[in-house]
Amino acid sequence: MGTALVYDEEMTKYKLLWVDPACKIEVPERLTASYEALVRSGLSGRCVSVPARQASDAEILLVHSEEYLEAVKKTPYMTLEDLKEFTLQYGDVYFHPNIYHCAKLAAGSVLQLVDSIMTGKVRNGIALVRPPGHHSMRGAANGFCVFNNVAIAARYAKQKYGVKRVLIVDWDIHHGQGVQYCFEDDPSVLYFSWHRYEHQKFWPHLRESDYDSVGKGSGAGFNINVPWNKVGMENSDYLSVFCHVLLPAAYEFCPDLVLVCAGFDSAIGDPEGEMCATPDIFAHLTHLLMNLAGGKLCAALEGGYNLTSLAQSVCQTVQTLLGDPLPRLANLRSPCISALESLQCARSAHRQYWSFLKHAANPPLPEISTKPIKLAKEEEEPAETAEEESSGEAKVWPEPPQRSCPPVCSASVLPDDVAGADGLKRLSTSGALQPRLVNKLKNHFTKAADDGDAVATISRLHTLMEKMLTNEIGNGLALVPDVAAATMCFAQDLASDLVDRVLVVCVGNATGLNYVTTDGRALVVHISGEDGEERKSKYYIPVRLKQGCGDTSGFLQAVLGLLLPLGYEYDPGLVLLGRMPESGVGDGMWQQLIGLLRGFAKGHTLVLMQANEEACMGPTASALLGHPAAPLQELGAPFPQDGDALERLRERLQADWKMLQTTGRMDC
Ligand SMILES: COCC(O)(O)CCCCCNCCCN
Ligand SMILES: [Zn+2]
């Protein structure tokens with residue numbers, strides 16, 4: 001199934017008609033720059049084009065009051081003076097004779113996306129719209145927004161398709177207070193937002209944008225705010241919040257539909273956000289949400305004011321929605337102290353609501369100043385004057401890397417003709433394997449050197465690896481006689497010669513996974529039901545689940561809170577995933593694991609399974625081909641001892657692995 005793209009140039013036909021420094025950044029070119037970049041890159045041609053439509057009154061009234069709608073209906077007939085007058089009653093927004101028409105198209109465009117996704121016409125999609133929506137409230141326009149496009153879409157999906165739970169992820173750099181107000185007492189809508197806050201000194205200066213606004217009444221726990229109290233946040237800060245706050249809650253919430261308030265003012269170069277995350281981060285943020293709700297993801301453009309980073313970020317998002325391999329995120333740094341404090345505050349505020357947080361460390365939180373902040377006049381964001389704009393040093397960042405389309409056969413079990421007793425010899429004569437490697441392999445398999453099978457297996461694996469590294473295939477699946485041996489041999493003898501770093505993930509009980517490197521050429525993470533060999537090196541991490549890998553909630557917590565952050569920090573060139581016999585891991589969890597691991601190494605994942613596990617071939621190949629993983633059933637809380645052990649393990653490991661940190665020094 002494909003990716004829908006909704007765009008209508010009619011939504012470019014309104015603009016600011018008077019002088020207002022606060023609104024001048026919201027220009028029609030935001031839409032044309034985004035759309036033209038999709039056309040230029042060939043991405044729009046790969047999408048299913050879905051027409052925009054006007055939202056009806058009834059649809060707008062799902063969120064807004066009649067009084068407000070009636071008022072906005074009058075704006076097309078207003079004089080310029082009346083429009084200015086009308087605008088004054090709201091904050092940081094402007095009206096135009098055509099904005100009501102465009103606001104109905106913006107809201108209707110997102111509803112068209114919801115229809116296309118819920119009727120199975122497409123898997124996911126994005127609507128390039130303006131005016132944006134997440135600040136507008138029941139009875140008021142605000143922050144360039146007239147109707148709350150995403151809030152209307154959430155209510156519409158529930159009403160028309162009986163959707164039970166909607167996750168709204170708001171990665172725009174401003175707090176979508178309009179969305180928060182709309183759903184704060186509604187447990188069927190989980191709203192997550194990060195936003196520039198600077199201890200309430202940043203617009204819209206709301207006390208309720210802080211992390212302690214967790215929702216009200218039966219909605220308590222279903223509103224997650226992560227305030228950024230400093231600018232300059234980077235990729236690692238964003239990924240940490242996804243791994244340690246959003247994703248565990250999102251999986252526990254188990255949504256039927258994911259809506260994204262896709263604002264790209266959180267990218268580097270944006271004058272509003274002043275953050276430093278690069279456009280390719282949106283490839284990963286999108287990817288990390290794509291295995292929820294069976295892949296039903298609907299993104300709506302919100303903010304984004306640097307036309308270069310906006311266009312690049314939109315392309316990164318769409319390319320991921322289309323299923324293309326992700327770019328590697330080079331040299332992630334450790335999250336900054338301020339980000340860690342925000343992360344910890346959000347986790348502590350939600351500890352009582354989410355089982356994944358039940359065992360989280362609970363250090364004292366900083367006193368939240370309840371006194372209203374006094375914005376000294378000069379502290380108000382100064383309206384940039386022309387020369388200041390030019391003097392502000394322009395941010396530069398590298399163009400996101402090309403992301404080649406996945407090769408057609410992205411999962412393959414090599415035909416037997418590659419195997420064969422002389423497989424290895426042929427490889428060595430073909431120069432594919434350096435002679436010394438051949439000896440190493442032979443030595444390694446001396447016990448079975450005469451056993452053609454083992455040698456054949458190794459030559460098969462090597463061919464798969466070769467094809468992966470030449471991008472002839474995206475990923476691979478190999479059935480082998482002895483998974484543990486093959487995994488170790490592959491990691492030790494094959495991969496380490498052909499790729500800098502290989503992430504080895506072993507699932508299920510096994511002995512012999514004793515390959516430990518001290519040089520970091522391989523990172524082995526072994527999730528099983530028994531005690532692994534105790535940790536000898538930073539690069540061998542046994543994760544023990546007392547109830548074994550069949551305990552999906554424990555397994556998932558290990559994947560989201562440990563494996564993902566480790567993988568991002570390690571940044572492997574290849575992922576090797578070994579499924580040990582009788583691992584007990586459920587198909588759904590197995591597919592989620594493969595889906596998430598595809599985000600590393602440009603999707604180069606080699607799965608090794610026991611030859612007799614044909615039953616698992618289908619689900620594995622489906623996940624390798626990028627089909628969305630089956631949604632996990634309602635997750636119970638992880639077993640207490642597992643939850644506790646995982647938290648203790650994470651705390652122990654964070655000295656070596658910065659992406660595992662979740663607490664900053666609370667020297668507030
Ligand atoms: C959904 O709208 C997208 C958005 O969140 O980017 C809107 C931001 C409004 C930013 C308003 N700045 C006011 C400065 C006051 N001195
Ligand atoms: Zn914004």
Side-chain angles (χ1 to χ4, degrees), residues 11 14 16 19-28 30-31 34 63 87-88 90-95 99 102-103 106-107 109-110 127-137 140-153 168-182 191 193-198 200-206 209 225-228 231 233 238 259-275 277 282 299-307 309-310 313-314 373 375-385 388-389:
M11 284 182 272
Y14 78 92
L16 182 57
V19 174
D20 176 353
C23 293
K24 70 176 190 244
I25 50 174
E26 208 297 305
V27 295
R30 296 179 53 237
L31 229 40
S34 303
V63 165
T87 296
L88 286 180
Y90 305 118
D92 301 286
V93 62
Y94 61 86
F95 277 81
I99 197 170
C102 295
S109 298
V110 188
L128 295 180
V129 299
R130 69 186 275 273
H134 71 161
H135 297 301
S136 62
M137 294 160 269
N142 178 263
F144 314 151
C145 308
V146 175
F147 298 138
N148 200 315
N149 309 320
V150 168
I152 292 169
I168 299 178
V169 177
D170 189 336
W171 66 47
D172 184 288
I173 205 60
H174 297 91
H175 181 218
Q177 85 280 23
V179 183
Q180 172 167 309
Y181 298 154
C182 191
Y191 177 57
S193 171
W194 61 38
H195 32 271
R196 182 177 171 181
Y197 189 58
E198 290 173 300
Q200 208 178 331
K201 286 191 175 52
F202 187 70
W203 188 89
H205 311 293
L206 297 172
S209 301
N225 284 337
V226 177
W228 298 123
V231 293
M233 293 300 168
Y238 287 7
L259 304 181
V260 179
C261 289
F264 297 103
D265 41 15
S266 38
I268 190 167
D270 191 279
E272 280 285 315
E274 296 186 71
M275 298 297 170
F282 295 104
L301 180 67
E302 295 279 0
Y305 306 98
N306 174 311
L307 302 187
S309 70
L310 168 62
S313 303
V314 167
I373 46 132
L375 264 187
K377 223 46 228 128
E378 64 282 354
E379 257 185 332
E380 281 269 346
E381 293 91 61
E384 293 224 326
T385 52
E388 259 173 34
E389 237 165 3

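Each residue takes its place number in the sequence, starting with 1. Reckoned from all heavy atoms, side chains included, excluding hydrogens, waters and symmetry mates. Order of appearance sets the numbers: ligands from 1, and atoms from 1 within every ligand.
H134 and N148 share no side-chain donor-acceptor pair at under 3.5 Å. Under 3.5 Å, the side chains of N149 and E302 contain no donor-acceptor pair of N or O atoms. A donor-acceptor pair shorter than 3.5 Å cannot be found between the side chains of E272 and N306. In this structure, a donor-acceptor pair under 3.5 Å is absent between the side chains of D20 and Y94.
Note: no N/O pair closer than 3.5 Å links E302 and ligand 1 by distance alone. At least one N or O atom of H134 sits closer than 3.5 Å to an N or O atom of ligand 1.
Judged purely by atom type and a 3.5 angstrom limit, D265 has no side-chain atom pairing as donor or acceptor with the backbone of G273. Side-chain atoms of Y197 come within 3.5 Å of backbone atoms of L206 as a donor-acceptor pair (strictly under, hydrogens ignored).
Less than 4.0 angstrom separates some heavy atom of D172 from each of these atoms of ligand 1: 3 (C), 4 (C), 5 (O), 6 (O). Using a 4.0 Å cut-off to heavy atoms of D92, the atoms of ligand 1 that qualify are 13 (C), 14 (C), 15 (C). The distance from ligand 1 to the heavy atoms of G303 drops below 4.0 Å at these ligand atoms: 3 (C), 6 (O). In the vicinity of G143, heavy-atom distances shorter than 4.0 Å reach the ligand 1 atoms 2 (O), 7 (C), 9 (C).
The pair E26-K24 does not meet the salt-bridge criterion, since no charged nitrogen lies less than 4.0 angstrom from a carboxylate oxygen.
Taking only non-hydrogen atoms, the option from G91, P132, G178, A300 nearest to atom 2 (O) of ligand 1 is P132. Nearest to atom 6 (O) of ligand 1 by heavy-atom distance, out of F202, F144, F264, Y305, is Y305.
Shown are the protein N/O/S atoms under 2.8 Å from the Zn ion (ligand 2), given by residue and atom: D172 OD1, D172 OD2, H174 ND1, D265 OD2.
For S266, the side-chain contact (heavy atoms from CB on, under 4.5 Å) test picks out W171, I173, W194, Y238, F282, with sequence neighbours left out.
For E26, no heavy-atom contact with ligand 1 is shorter than 4.0 Å. With a 4.0 Å heavy-atom cut-off, ligand 1 is reached by the side chain of H174 but not by its N, CA, C or O.
Aromatic ring pairs are classed by plane angle as parallel below 30°, tilted from 30° to 60° and perpendicular above 60°; the pair Y90 and F95 is tilted.
The side-chain hydrogen bond (donor to acceptor under 3.5 Å, both in side chains) test with H175 singles out one residue from H205, R196, Q180, and that residue is Q180.
Residue-ligand proximity: C145 is placed with a non-hydrogen atom under 4.0 Å from ligand 1.
Between V226 and H195, the closest side-chain pair of non-hydrogen atoms is not below 4.5 Å.
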